[in-house]
K.L.:
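Pasting a structure here, questions to come.
Order of the sequence lines sets the chain letters (A, B, ...), proteins ahead of strands, with each chain counted from 1. These numbers were taken from a predicted model, which means no experiment stands behind them.
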2 protein chains.
Amino acid sequence: MHKQTTHHHIHTVDSLLKKNQLSVTAGRKKILQLFLDQPGALSHGDIEKSAGEKFDRVTVYRTLQTFVDKGIIHTIPTADNSVRYALCKDDCSEGHHHDHHIHFVCNHCHQTFCLDDVVTPAIKLPRGYSADQVEVVVEGICRNCS
Amino acid sequence: MHKQTTHHHIHTVDSLLKKNQLSVTAGRKKILQLFLDQPGALSHGDIEKSAGEKFDRVTVYRTLQTFVDKGIIHTIPTADNSVRYALCKDDCSEGHHHDHHIHFVCNHCHQTFCLDDVVTPAIKLPRGYSADQVEVVVEGICRNCS
DNA sequence: AATAGTTTTGCAACACTGTTGCTTTTTCTT
DNA sequence: AAGAAAAAGCAACAGTGTTGCAAAACTATT
Ligand SMILES: [Mn+2]
Ligand SMILES: [Mn+2]
Ligand SMILES: [Zn+2]
Ligand SMILES: [Zn+2]
């Protein structure tokens, strides 16, 4: 029955998991598909809802952590203190993220987007401070809502 | 016994509370003093530790929220998803914060600082997006640790 | 200084989020 | 198909933050 209802995306998800040396499981396929099916970022709660009652909370947590470790997704800092995740589009790999883009939170639809084309600006720091990383989160109205 | 051991800071804290139409209580004085006594930002946990076993957790939460509402302190977004608070040095008031500075998190001493002199940079967004607010958090090594 | 009205605090109970250890189930390799 | 390895599910727990309510503290007035 699986082969019948399977649609073309599955192949992408399967190979993406294999490329990252992860065993292909129902939970990982489902969660990865959720990220591929929409442009924004997802929280743990979003995923639990979207995935129905099918997966244990713990499995979702562990899957997300695995994806972060492998460089498949990255976390996004938010002002409201909730963790969100989005697909890495850059050349991130195991243990090394290179996401030098900014993030945008829409005050209307409350979605979070990676603006991959907007690089983080250089910041001129006072004497004595040195920067390792710069995180920029912009709040406002997104393209869909304006 | 209070008048004897009182030191000069108390007057500042008292008047700061009164200026914001808040009744002067032991908890509020203590917490506000903690912010005035050091340059960085404080988390709820920091405050609970520093204040000893003297105040209930709930009181600390409510006091911090009251201070935020009054424009005495502001929250700082962090990548590790913990809420931190720092004194407002700008002209913030009840319901209106104007903290257009960036924040710095030291990877060595793990303190968070408001860099009040570094204004948030202008960000050129893609067509269709409009910005209400820009949050910048820089991670690196602070002046004390370099 | 005592009183009355109002605000704040402490307490208990609860919801939500995330973690860990262990057993069962699934996946991968041969 | 079978055995080894990995992941999922379950239960229990810790940490964080919230709410309702009664007791205590504070403020304004006499
Ligand atoms: Mn991103
Ligand atoms: Mn600040
Ligand atoms: Zn939107
Ligand atoms: Zn430091």
K.L.:
Taking atom CG of B:Asn20 and atom CG of B:Asp69, what is their separation to the nearest 0.5 Å?
P.N.:
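Taking CG in B:Asn20 and CG in B:Asp69, the distance rounds to 11.0 Å.
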
K.L.:
Nearest to the side chain of B:Thr59 - D:dG17, D:dC26, C:dG10?
P.N.:
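Nearest to the side chain of B:Thr59 among the choices is C:dG10.
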
K.L.:
Which residue pairs satisfy the salt bridge (Lys or Arg N to Asp or Glu O under 4.0 Å) criterion with at least one member in residues 38-51 of chain A, sequence neighbours excluded?
P.N.:
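Checked against salt bridge (Lys or Arg N to Asp or Glu O under 4.0 Å) - neighbours excluded - the pairs reaching residues 38-51 of chain A are A:Asp46-A:Arg84.
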
K.L.:
Work out which heavy atom in A:Ile141 is nearest to a heavy atom in A:Cys106; give both atom names and the distance.
P.N.:
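That would be CA-SG, 4.1 Å.
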
K.L.:
May I ask you to check whether A:His110 and A:His108 place their ring centres under 6.0 Å from each other?
P.N.:
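No, they do not, as the ring centres are separated by 6.0 Å or more.
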
K.L.:
Quickly work out the A:Asp56 CG to C:dT25 C1' distance and round it to whole Å.
P.N.:
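A:Asp56 atom CG is separated from C:dT25 atom C1' by 13 Å.
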
K.L.:
B:Ala26 or A:Thr63: which one's nearest nucleotide on DNA chain D is closer to the 5' end?
P.N.:
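Final value for this comparison: A:Thr63.
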
K.L.:
In whole angstrom, what separates A:Arg28's CZ from C:dT26's P?
P.N.:
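For the pair A:Arg28 CZ and C:dT26 P, the rounded distance is 15 Å.
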
K.L.:
Could you tell me the separation between the CD atom of A:Glu48 and the P atom of D:dA8, rounded to a whole number of Å?
P.N.:
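Checked: the CD to P distance equals 14 Å.
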
K.L.:
Could you tell me how far apart B:Leu22 (CG) and C:dT6 (C1') are, to the nearest whole angstrom?
P.N.:
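So the two atoms are 14 Å apart, to the nearest Å.
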
K.L.:
What about B:Val137 and B:Val134, same hydrophobic cluster or not, with Ile/Leu/Val/Met/Phe/Trp/Tyr joined at side-chain heavy-atom distances under 4.5 Å?
P.N.:
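No, it is not one cluster - the side chains of B:Val137 and B:Val134 are not joined through contacts under 4.5 Å.
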
K.L.:
Can you identify which nucleotide, out of D:dT27, C:dC28, C:dT19, has its nearest atom closest to the A:Ser23 side chain?
P.N.:
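Selected nucleotide (nearest to the side chain): C:dC28.
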
K.L.:
Choose from D:dA8, D:dC26, D:dT19 the nucleotide whose nearest atom is closest to any side-chain atom of B:Val58.
P.N.:
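So the side chain of B:Val58 is nearest to D:dT19.
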
K.L.:
Look at all strands and tell whether A:Lys54 reaches a base, only sugar-phosphate, or nothing, counting heavy atoms closer than 4.0 Å.
P.N.:
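Sugar-phosphate, backbone atoms only, no base.
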
K.L.:
How many Å lie between CD on B:Glu53 and C1' on C:dG10, as a whole number?
P.N.:
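Roughly 14 Å, once rounded to whole Å.
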
K.L.:
Determine whether any donor atom in the side chain of A:Arg62 lies under 3.5 Å from an acceptor atom in the base of D:dG9, or the reverse, and answer yes or no.
P.N.:
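Present.
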
K.L.:
Just how far, in rounded Å, is P of C:dA13 from CZ of B:Arg57?
P.N.:
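These atoms are roughly 14 Å apart.
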
K.L.:
Rounded to whole angstroms, how far apart are CG on A:Asp14 and P on C:dC28?
P.N.:
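Result: 9 Å.
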
K.L.:
Taking atom P of C:dC11 as reference, at what distance in whole Å does atom OH of B:Tyr61 sit?
P.N.:
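Taking atom P of C:dC11 as the reference, OH of B:Tyr61 is at 16 Å.
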
